[in-house]
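Below: one structure, written as structure tokens.
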Number of protein chains: 2
Amino acid sequence: MSKAERTRQFIIEKAAPIINRKGMAGASLSDIMEATGLAKGCIYGNFENKDEICLEAFNYLSQSYVKSMMAHLQPFTGSKAKLIAYLDYTLAGKHRDEMGGCPVINFGAESDDTHPAVRERVKQVIRSSREFITSLLREGVESGDYSPDLNCETQALKIYTLLEGAVIISRIENNREQLEQIVNLIKAEIETF
Amino acid sequence: MSKAERTRQFIIEKAAPIINRKGMAGASLSDIMEATGLAKGCIYGNFENKDEICLEAFNYLSQSYVKSMMAHLQPFTGSKAKLIAYLDYTLAGKHRDEMGGCPVINFGAESDDTHPAVRERVKQVIRSSREFITSLLREGVESGDYSPDLNCETQALKIYTLLEGAVIISRIENNREQLEQIVNLIKAEIETF
DNA sequence: ACAGGAACAGACCAATTGGTCTAAAAGAAA
DNA sequence: TTTCTTTTAGACCAATTGGTCTGTTCCTGT
């Protein structure tokens with residue numbers, strides 16, 4: 001890893017939570033300079049423009065989320081246990097709290113009319129999240145945990161939708177209760193699969 | 001309605017869709033001047049500052065949404081028919097499309113860390129939406145449409161969460177299909193109530 | 001019709017924005 | 001250690017930002 005690569009990564013990691021919190025338009029270069037302690041010339045030596053930093057910030061946030069989620073899921077065996085662990089990790093929201101909220105929601109809501117490249121990446125992240133849940137359900141069907149009639153894609157969409165919806169509501173209400181209730185509902189529903 | 005009041009309202013109505021699309025930080029005063037055709041002095045003669053315009057824009061968006069929703073629901077009789085009509089109106093998303101997306105999501109995602117007054121209003125709108133669905137369910141229980149055991153608050157939260165979640169996903173994916181699927185799931189679930 | 005007040009236009013302002021450029025500093029290769 | 005390239009600092013830039021202020025225009029009540 002060259003010096004430049006390390007600096008680039010450093011900037012992304014420092015900038016990401018700020019951009020996630022303040023938004024792409026709301027976070028200024030001064031904010032990023034302050035957070036990194038670097039001068040403007042250095043930042044522009046490593047990025048084309050602010051938009052590129054925003055895009056990379058979203059990539060970093062989503063990738064690091066997946067990484068920490070996978071690390072959390074790793075000890076659990078069996079697709080059903082993994083799915084429950086997935087729900088519990090979402091409920092705990094440690095990564096989210098550290099990073100200033102769910103990046104899919106924050107970047108998704110802002111990018112849809114203004115930043116097509118970011119929007120495209122958000123889309124991909126939603127897709128792969130849904131696919132991951134789908135694959136967990138499918139495994140569960142194979143292993144006999146769930147009925148063979150289970151419509152895995154549809155139920156995965158439902159679970160993901162409930163989680164995203166509950167995450168926004170809980171964040172705006174500044175109250176974990178709603179997310180807790182929804183996670184409990186999902187858990188109960190899984191038992192009927 | 002005085003001249004000033006009319007102008008104030010005019011500014012709000014023209015600015016709201018822009019702020020909803022570009023975000024509070026992303027929409028500039030020049031944008032608002034262009035959309036209204038008014039000069040800066042006029043705008044600042046009617047508002048304290050940009051933040052006030054943003055707050056009023058959210059109020060306008062949410063109130064006009066409620067109004068058009070109620071107008072749509074009016075012809076239907078019976079709480080169950082009204083609930084289905086509520087879902088269908090959400091699915092159609094006419095108001096949302098005209099205004100540049102769901103204001104609860106757009107303003108909610110942006111305000112949570114930066115605009116406490118807006119956030120508070122978004123919170124209230126979420127509350128009253130949930131309460132409205134709850135009351136429809138409760139009416140349905142009274143009239144015998146649903147089982148007396150139905151947990152109206154919880155199911156209302158679930159329905160609202162699914163709708164908000166599906167609205168974001170469909171908007172980012174730029175595809176009505178996900179929202180359609182979710183609305184169908186909700187409709188099917190109502191039948192089991 | 002007119003007087004007085006409300007509403008508006010737009011010049012003006014300081015501060016900040018994203019972005020460039022050059023010279024100095026730091027790293028890497030020899 | 002010296003050379004040469006890469007990386008960084010920060011002065012600089014034009015454009016734009018949110019916001020103020022004054023003079024003009026437009027209403028409205030008499």
Side-chain angles (χ1 to χ4, degrees), chain A residues 1-60 106-107 110-111 113-118, chain B residues 1-60 106-107 110-111 113-118:
Chain A
M1 217 181 186
S2 76
K3 183 87 207 301
E5 276 170 326
R6 269 182 290 137
T7 305
R8 187 180 160 94
Q9 193 59 25
F10 172 77
I11 294 170
I12 292 169
E13 288 174 20
K14 292 289 180 188
I18 294 173
I19 299 172
N20 200 30
R21 254 178 274 265
K22 296 195 171 192
M24 298 186 281
S28 69
L29 248 103
S30 331
D31 291 327
I32 296 169
M33 285 164 65
E34 197 190 330
T36 55
L38 295 171
K40 202 168 271 195
C42 175
I43 291 168
Y44 276 94
N46 288 286
F47 294 91
E48 273 286 301
N49 50 40
K50 196 184 140 189
D51 282 353
E52 192 191 344
I53 305 178
C54 291
L55 181 61
E56 292 303 324
F58 175 74
N59 285 337
Y60 166 71
N106 289 336
F107 285 77
E110 188 175 2
S111 71
D113 286 301
T114 52
H115 293 73
V118 172
Chain B
M1 215 180 186
S2 75
K3 184 86 208 300
E5 276 170 327
R6 270 183 290 135
T7 306
R8 189 180 159 93
Q9 193 57 26
F10 173 76
I11 294 170
I12 292 170
E13 287 174 21
K14 291 290 180 188
I18 294 173
I19 299 172
N20 199 31
R21 255 179 272 265
K22 294 194 172 193
M24 298 185 281
S28 70
L29 247 104
S30 331
D31 291 328
I32 297 169
M33 286 164 64
E34 196 190 330
T36 55
L38 294 171
K40 202 169 271 195
C42 175
I43 291 169
Y44 275 94
N46 288 286
F47 295 92
E48 272 287 301
N49 49 39
K50 196 184 139 188
D51 281 354
E52 193 191 343
I53 306 179
C54 291
L55 182 60
E56 292 303 325
F58 176 74
N59 284 338
Y60 166 72
N106 290 335
F107 285 76
E110 188 174 3
S111 72
D113 288 300
T114 52
H115 294 71
V118 173

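For the numbers below, each heavy atom of this structure counts, side chains included, while hydrogens, waters and symmetry mates do not. Letters go in sequence order (proteins before strands), and every chain restarts at 1. Being a predicted model, the structure only gives us computed values, none of them experimental.
- To the nearest 0.5 Å, atom CD1 of residue A/I43 and atom CG of residue A/N49 are 12.5 Å apart.
- In this structure, the CE atom of B/M24 is 16 Å from the C1' atom of D/dG18, given to the nearest Å.
- In this structure, A/I32 CD1 and A/I53 CD1 are separated by 4.5 Å, a value rounded to the nearest 0.5 Å.
- A/L55 has its side chain out of reach of A/E52: every pair of non-hydrogen atoms, C-beta onward, lies at least 4.5 Å apart.
- Using a 4.0 Å heavy-atom distance criterion, A/A25 is classed as making no nucleic acid contact.
- In this structure the side chain of B/P17 reaches within 4.5 angstrom of the side chain of B/R21, judged on heavy atoms.
- Atom pair A/I32:CD1 and C/dT16:P shows a separation of 17 Å (rounding to whole Å applied).
- For the contact set between residues 47-55 of chain A and DNA chain C, defined by any heavy atom under 4.0 Å, the members are A/N49, A/K50.
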Sort me out a list of protein N/O and nucleotides 5-9 of chain D N/O pairs below 3.5 Å, or just none if empty.
residue: D/dT7; atom: OP1; partner: A/A4; partner atom: N; Å: 3.4
residue: D/dT8; atom: OP1; partner: A/K3; partner atom: NZ; Å: 3.0
residue: D/dT8; atom: OP1; partner: A/T7; partner atom: OG1; Å: 2.6
residue: D/dT8; atom: OP2; partner: A/N46; partner atom: ND2; Å: 3.2
residue: D/dA9; atom: OP2; partner: A/A39; partner atom: N; Å: 3.1

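- An OP1 or OP2 oxygen of C/dT17 is reached within less than 4.0 angstrom by a side-chain nitrogen or oxygen of A/S30.
- For A/K22, the salt bridge (Lys or Arg N to Asp or Glu O under 4.0 Å) partners are A/D31, not counting sequence neighbours.
- Atom CG of B/D51 and atom OG of B/S111 lie 11.0 Å apart (nearest 0.5 Å).
- Judged purely by distance below 3.5 Å, without hydrogens or angles, the side chains of A/E5 and A/Q9 never pair a donor atom with an acceptor atom.
- The separation between A/Y44 atom OH and D/dC12 atom P is 19 Å, rounded to whole Å.
- Following rounding to the nearest Å, B/L29 (CG) and C/dT17 (P) show an atom-to-atom distance of 16 Å.
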Checklist entry - Can you check side-chain contact (heavy atoms from CB on, under 4.5 Å) on A/F107 and A/I19, steps first, answer last? => result CA-CA 9 Å; A/F107 285 77; A/I19 299 172; 3.7 Å; yes

